[in-house]
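First comes the structure, then the notes that go with it.
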Amino acid sequence: MTYHPKSDFMQVMMTRGFLADCTDYQGLDEALSSGTACPAYIGFDATAKSLHVGSLIQIMMLRWLQKTGHKPITLMGGGTTKVGDPSFRADERPLLTPAQIDDNIAGIGQVFAKYITYGDGPSDGLMINNAEWLDGLNYLDFLRDIGRHFSVNRMLSFESVKSRLDREQSLSFLEFNYMILQAYDFLELNRRYGCILQMGGSDQWGNIVNGIDLTRRVLDHEIYGLTSPLLTTSDGKKMGKSQDGAVWLNADMRSPYEFWQFWRNTTDADVGRFLKLYTELPIDECDRLGALEGSEVNAAKIILANEVTTLCHGAEAAAAAEATAREVFEKGGVGDDLPTLALTPADLADGGISIVQVIVRAGLAKSGKEAKRLIAENGARLDDAPLTDAGMMLDAGALSAPIKLSAGKKRHALVQLTD
C-alpha cells in the first residue's frame, strides 16, 4: 500500500497498524481533509453488560477519530441485537429480552464515556441506538423499499455466510436478515446525521460494503468503509481472552488489577504493536520500547499496562495495580488490590472447606479436576509456599488472617474470612 494520506486520521490509522482495508483510500482521505468534522460510526451489539479487550481496537479508532477533529458515533445495537450477527460464528447467538439488551447497553455505555467526549459540538460524539429506526419498521414496506436492493446470490458469496454454509451448519432466516439491517443502519445514519464512514473489524467487510451499496442506490450519496485487522496475539490466541475467560473492560466484571495484569503479561513479540494500537504514546517511543529485549522488555510491559489501564480505569487505578504487582511479585507480600474471595463461617461448617473448592471459587481454576491437576503439577502455591496436598481442608484457624493463593507465577487471589 503506497498511498500517502493527507488527513491526520488516515495517517494515524496507517502508521499505528489500525488499517486492514478501505473501500476508497483517496476519496475518504480527501473527505477527512476538507476542514469539516466528518461523522463516522462503529456498531456494537449489546450481547453482554461490558465489551472486552477484543473491542478495544474499535474504541481506540473512534477515540483517534475525535482526537483528529472528527465526529465519532457509537451505534448501540438495541435493534440488531434482537437478531444476532452470524458473522463467522458456528452457531446462532442466544436471543436476549429487550430488558436484558437495555441493561447491556447501559453497561457498555460506561466504557465509552472514558474514551470519547459526548455532546453537541462539531466533533463531540453521539451515542445512538438503532432500535430508534429498526423497532418501528413496517415489514412489507421494508421488503419493498430496501429488500429489493439485495441479491441473495451476492449475500451467499460473503465469506462470513459462506464459511457457515460450507461447514453445513444451519443459518437461520433471522440471522440472514442481519446484514440487511446493518446496511440499513448505515443508510439511516447517513440520512439523519450525515455519517460518511463505517468502521469495524475485517470480519465486517461484507456488511459494510452492503451498507455503502444500499446508501448509493437509495440516496445517491458517496460514503466509505474502513476495516481493522482481526487481532490475534503472536502465539495465535484470539485477542480479548485470557486463561480465566474474557478480559472485560468494565471494572465490576474484571478488576483494574486483573486488567492491568493482562497487559503486563503481554508476550514480548507483541509489546511494540500493542503500544501503537492501545496507547497514545508517540510511534518512535512505541518502536523503542518494542525493541527492548531480555529483562528490559518488562519495563516496556509495565508502561503498556499503565497506559492502557489509565485510559480504561484512570491513573489512580493503574498506579494501585502497579503497586500491588510490585508488592506481590518483587517483595513476596500480599497486595491490597488482588482479587479477593470472601468466605463466611457457613462456608466452613462441617470441618472446613477443601482447598480445591477454594481454588475454583477464587477463579484460579475452572473445575475441581483442573485445580487438582494444578496441585499435582506443582503449579499451586499457598502464601508463596508450594501446595502439594489436594485433600487439604481450610478451617477458621487457617483463615484467621487472609491467605494468598497462586496459580503459576502470574495469577493470584486473596482468600479471607468475613463475619
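Between the side chains of Ser367 and Glu370, no donor-acceptor pair of N or O atoms lies under 3.5 Å. Of the N and O atoms on the side chains of Thr80 and Gln182, not one donor lies less than 3.5 Å from an acceptor on the other residue.
Side-chain contact check for Leu28 versus Met13: every heavy-atom pair is 4.5 Å or farther apart. Put simply, the side chain of Tyr25 does not reach to within 4.5 Å of the side chain of Pro5, judged on heavy atoms. Taking the side chain as every heavy atom from C-beta outward, Pro229 and Ser202 never approach each other to under 4.5 Å. Considering only heavy atoms from C-beta on, Leu405 comes within 4.5 Å of Ile355 through its side chain. Proximity of Leu343 to Leu394: side-chain heavy atoms (C-beta onward) are nowhere separated by under 4.5 Å. With a 4.5 Å cut-off on side-chain heavy atoms, Asp185 and Gln198 do not count as touching. Within the 4.5 Å cutoff, no side-chain heavy atoms of Leu32 are placed close to those of Lys6. Annotation: side chain of Trp260 is in contact with side chain of Glu322 (closest heavy-atom distance under 4.5 Å).
With sequence neighbours left out, the side chain to side chain contact (heavy atoms under 4.5 Å, CB included) criterion links Ala48 to Trp248. With sequence neighbours excluded, the residues that form a salt bridge (Lys or Arg N to Asp or Glu O under 4.0 Å) with Asp268 are Lys301. With sequence neighbours left out, Phe9 forms a ring-ring contact (aromatic ring centres under 6.0 Å, His included) with no residue at all. Legend: residues meeting salt bridge (Lys or Arg N to Asp or Glu O under 4.0 Å) with Arg144, ordered by chain and number and at least two apart, are Asp141. In terms of the side chain to side chain contact (heavy atoms under 4.5 Å, CB included) criterion, Thr232 has no residue partners (sequence neighbours excluded). Every residue two or more places apart in sequence or in another chain that forms a salt bridge (Lys or Arg N to Asp or Glu O under 4.0 Å) with Asp135 is listed here: Lys82. For Phe112, the ring-ring contact (aromatic ring centres under 6.0 Å, His included) partners two or more places apart in sequence, or in a different chain, are Phe44. With sequence neighbours left out, the ring-ring contact (aromatic ring centres under 6.0 Å, His included) criterion links Tyr118 to no other residue.
Taking CZ of Arg191 as the start and OG1 of Thr215 as the end, the distance is 8.5 Å to the nearest 0.5 Å. The structure places OH of Tyr139 at 6.0 Å from CG of Asn177, a figure rounded to the nearest 0.5 Å. Taken from CZ in Phe274 to CG in Leu231, the straight-line distance is 6.0 Å, to the nearest 0.5 Å.
Judged as a ring-ring contact (aromatic ring centres under 6.0 Å, His included), not a single pair has a partner in residues 193-220 (not counting sequence neighbours). The list of side chain to side chain donor-acceptor pair (under 3.5 Å) pairs with a residue in residues 12-24, not counting sequence neighbours, is empty. The stretch residues 286-312 participates, sequence neighbours left out, in no ring-ring contact (aromatic ring centres under 6.0 Å, His included) pair at all. Applying the side chain to side chain donor-acceptor pair (under 3.5 Å) test to residues at least two apart or on different chains, the pairs with a partner in residues 59-71 are Arg63-Glu280.
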- prompt: Which is it for Met60 and Tyr115 under the side-chain contact (heavy atoms from CB on, under 4.5 Å) test, yes or no, and what are the steps along the way?
  reply: CA-CA 8 Å; Met60 290 301 292; Tyr115 290 87; 4.0 Å; yes
Full working for side-chain contact (heavy atoms from CB on, under 4.5 Å) between Trp263 and Ile302: CA-CA 8 Å; Trp263 296 98; Ile302 289 171; over 6 Å; no
- prompt: Between Glu188 and Glu132, is a side-chain contact (heavy atoms from CB on, under 4.5 Å) present by the stated rule, with each step listed?
  reply: CA-CA 10 Å; Glu188 282 295 323; Glu132 223 177 275; over 6 Å; no
task: Decide yes or no on side-chain contact (heavy atoms from CB on, under 4.5 Å) for Phe259 and Val308, but give the supporting numbers first.
output: CA-CA 9 Å; Phe259 183 82; Val308 182; 3.8 Å; yes
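In this structure, the side chain of Asn265 engages the main chain of Gln261 through a donor-acceptor pair within 3.5 Å. Side chain of Gln100 to backbone of Thr97: a donor-acceptor contact under 3.5 angstrom is found. The closest donor-acceptor contact from the side chain of Thr324 to the backbone of Ala321 lies at 3.5 Å or more, if one exists at all. Asp45 places no side-chain N or O within donor-acceptor distance of the main-chain N or O of Thr47, the cut-off being under 3.5 Å. Between the Ser255 side chain and the Glu258 main chain, a donor and an acceptor come within less than 3.5 Å of each other. Judged purely by atom type and a 3.5 angstrom limit, Thr81 uses its side chain to pair as donor or acceptor with the backbone of Ala46.
The number of heavy atoms from other shown groups lying within 6.0 Å of NZ (Lys114) is above 12.
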